[in-house]
2 protein chains.
Amino acid sequence: MSAEDNLLKPVEAEEPDDQDYLLQEQVGFILRKAHQRHVSIFAARIGDLTPPQFAALAKLRDVGETSQNQLGTLIAMDAATVKGVIDRLKARGLVELSKHEVDKRRLLVNLTAAGRDAIERLIPLAREITQETLAPLSAKEIATFMKLLAKLA
Amino acid sequence: MSAEDNLLKPVEAEEPDDQDYLLQEQVGFILRKAHQRHVSIFAARIGDLTPPQFAALAKLRDVGETSQNQLGTLIAMDAATVKGVIDRLKARGLVELSKHEVDKRRLLVNLTAAGRDAIERLIPLAREITQETLAPLSAKEIATFMKLLAKLA
DNA sequence: GAAAATTCATTCGTATGCAAATGATATCAA
DNA sequence: TTGATATCATTTGCATACGAATGAATTTTC
């Protein structure tokens, strides 16, 4: 095949070879950047709480009291990570911890009154964060994107 | 409006109110999970290098010698983060550092022979990682998804 | 019912990721 | 040319994120 043929060949048919690995076109790299952008938007709107901390409060609002590990499963954090998040929320008086009466291994987590106030107050801001993150897309594109993204996660 | 009317109302017309904020349907949350999944796939295939470290090597392969800061811009890392990544690559002999002759502020980074060998060897694995990450989608869905994801990043 | 396997939580070590402060050097502007 | 700005790099502090090891408590299995 001559070099000229490449001018006629559609891009989709390109055989990737080691000469042209383009980092900026790989899912992982773009996924990382999209995530960074979202975190940045989040920080601009909710400065005093991180996305993982918000996730913990929002999920506790949904399900009520649960064990630390169970909460971690619900918000996709491993045991070590969720411990740090809960520790910091506890230090700020947004959650309270107690021991499970029957199963002595479990550490129960629940919202305090202040924690409930905080999450109720922040939810409208979180809706705006979602909107701003998706702002580059049209309504139809958003529907498509969310469907596909969910398949990948 | 009676409760029965809700049965007839299409889902898309639901007015979101604070009662039903669903964390698991928010872009940020799913984006974080998708990113986690990708990192996990990456680690399973390339155990001895992280995605940021790989990104640094791959970009150095593209552009050749650059300043640490410039490299950071190219791979979307701030100055503090890129320094850590480069330090670790240097400690493993994959990159080498030198001072810019003219502009004494700049720290030049380049691949060593070992670094070039490593990235050439890893690129085929990186292609597989991209494929596996996108495996839940069809070819057409991949094209759509990548287009929309790029808009968000 | 005792041993084995599992689950829950903690701790340690390593690696991003970013804000803010600092110091050195370069560039711009009056 | 010098004084103000801007850029490059480093450091510190804080917050995820996860593997691996450990200990305590529970469940399973024989």
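Each chain gets a letter, A, B and so on, in the order the sequences are listed, and its residues count up from 1.
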**OP:** Look at the side chain of A/Gln36 and decide which nucleotide, out of C/dC18, C/dT16, C/dC8, has an atom nearest to it.
**Re:**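 My answer, after comparing the listed nucleotides, is C/dC18.
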Subject >> Candidates D/dA17, D/dT26, C/dT25 - which lies nearest the side chain of A/Asp103 >> reply: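 From the listed options, D/dT26 comes nearest.
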[atom1] of [X] versus [atom2] of [N]: gap in Å, rounded?
| X | N | atom1 | atom2 | value |
| --- | --- | --- | --- | --- |
| A/His38 | C/dG17 | NE2 | P | 16 Å |
| B/Phe42 | D/dC18 | CZ | P | 15 Å |
| B/His100 | C/dA26 | NE2 | P | 9 Å |
| B/Asp48 | D/dC18 | CG | P | 19 Å |
| A/Lys99 | D/dA24 | NZ | C1' | 12 Å |
| B/Phe54 | C/dA15 | CZ | P | 18 Å |
| A/Leu107 | D/dA24 | CG | P | 17 Å |
| A/Lys33 | C/dG17 | NZ | P | 13 Å |

Examine distances only and state if a side-chain atom of [X] and a backbone atom of [Y] form a donor-acceptor pair shorter than 3.5 Å.
| X | Y | value |
| --- | --- | --- |
| A/Arg116 | A/Arg61 | no |
| B/Arg32 | A/Pro51 | no |
| A/Thr133 | A/Ile129 | yes |
| B/Gln68 | B/Ile86 | no |
| A/Gln53 | A/Thr50 | yes |
| B/Thr112 | B/Leu94 | yes |

Original post:
Taking the six-membered ring for Trp, are the ring centroids of A/Phe29 and A/Tyr21 within less than 6.0 Å of each other?
Top reply: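 Centroid separation for A/Phe29 and A/Tyr21: 6.0 Å or greater.
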Subject >> Sugar-phosphate only, base, or nothing, as touched by A/Val102 at under 4.0 Å among non-hydrogen atoms >> reply: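 Here A/Val102 touches the backbone only, sparing every base.
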Original post:
Which part of the nucleic acid, if any, lies within reach of A/Ser67 when heavy atoms closer than 4.0 Å are counted: base, sugar-phosphate only, or nothing?
Top reply: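 The answer is sugar-phosphate, as A/Ser67 gets under 4.0 Å only of primed atoms, P, OP1 or OP2.
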Subject >> Side-chain donor/acceptor contact of B/Arg105 with base of D/dT7 under 3.5 Å >> reply: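 Yes, the side chain and the base share a sub-3.5 Å donor-acceptor pair.
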Original post:
Between the axis at one end of the helix from C/dG1-D/dC30 to C/dA30-D/dT1 and the axis at the other (five pairs apiece), what's the angle to 10 degrees?
Top reply: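 Comparing the axis at each end, I get an angle of 20°.
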Subject >> Whichever of B/Gln53 and A/Ser40 has its nearest DNA chain C nucleotide further upstream toward 5' >> reply: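 It is B/Gln53 whose nearest nucleotide is closer to the 5' end.
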Original post:
Are A/Arg45 and A/Glu128 side-chain neighbours, meaning at least one heavy-atom pair lies under 4.5 Å?
Top reply: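 In contact.
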**OP:** Could you check which residues of residues 68-93 of chain B get a heavy atom under 4.0 Å from DNA chain C? Sort them by number, please.
**Re:**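 Those residues whose heavy atoms fall under 4.0 Å from DNA chain C, taken from residues 68-93 of chain B in numerical order, are B/Asp78, B/Ala80, B/Thr81, B/Val85, B/Arg88.
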**OP:** Find which nucleotide of DNA chain D each of A/Pro52 and A/Arg106 is nearest to by heavy atoms, and output the residue with the more 5' nucleotide.
**Re:**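 Its nearest nucleotide lies further toward 5', so the answer is A/Pro52.
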Original post:
Between A/Thr50 and A/Glu101, which has a closest nucleotide on DNA chain D that is more 5'?
Top reply: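 Looking at the nearest nucleotide for each, A/Thr50 comes out on the 5' side.
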Original post:
Would you say A/Arg32 reaches C/dT16's phosphate, i.e. side-chain N/O to OP1/OP2 under 4.0 Å?
Top reply: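 No, outside the criterion.
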**OP:** Decide salt bridge (charged side-chain N to carboxylate O under 4.0 Å, His left out) for A/Arg106 and A/Asp103; before the verdict, give the C-alpha distance in whole Å, the side-chain angles of both, and the deciding distance to 0.1 Å.
**Re:** CA-CA 6 Å; A/Arg106 297 191 202 175; A/Asp103 187 339; 3.1 Å; yes
Original post:
Can you tell me how far CZ of B/Phe42 sits from CG of B/Leu49, rounded to the nearest 0.5 angstrom?
Top reply: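 Result: 6.0 Å between the selected atoms.
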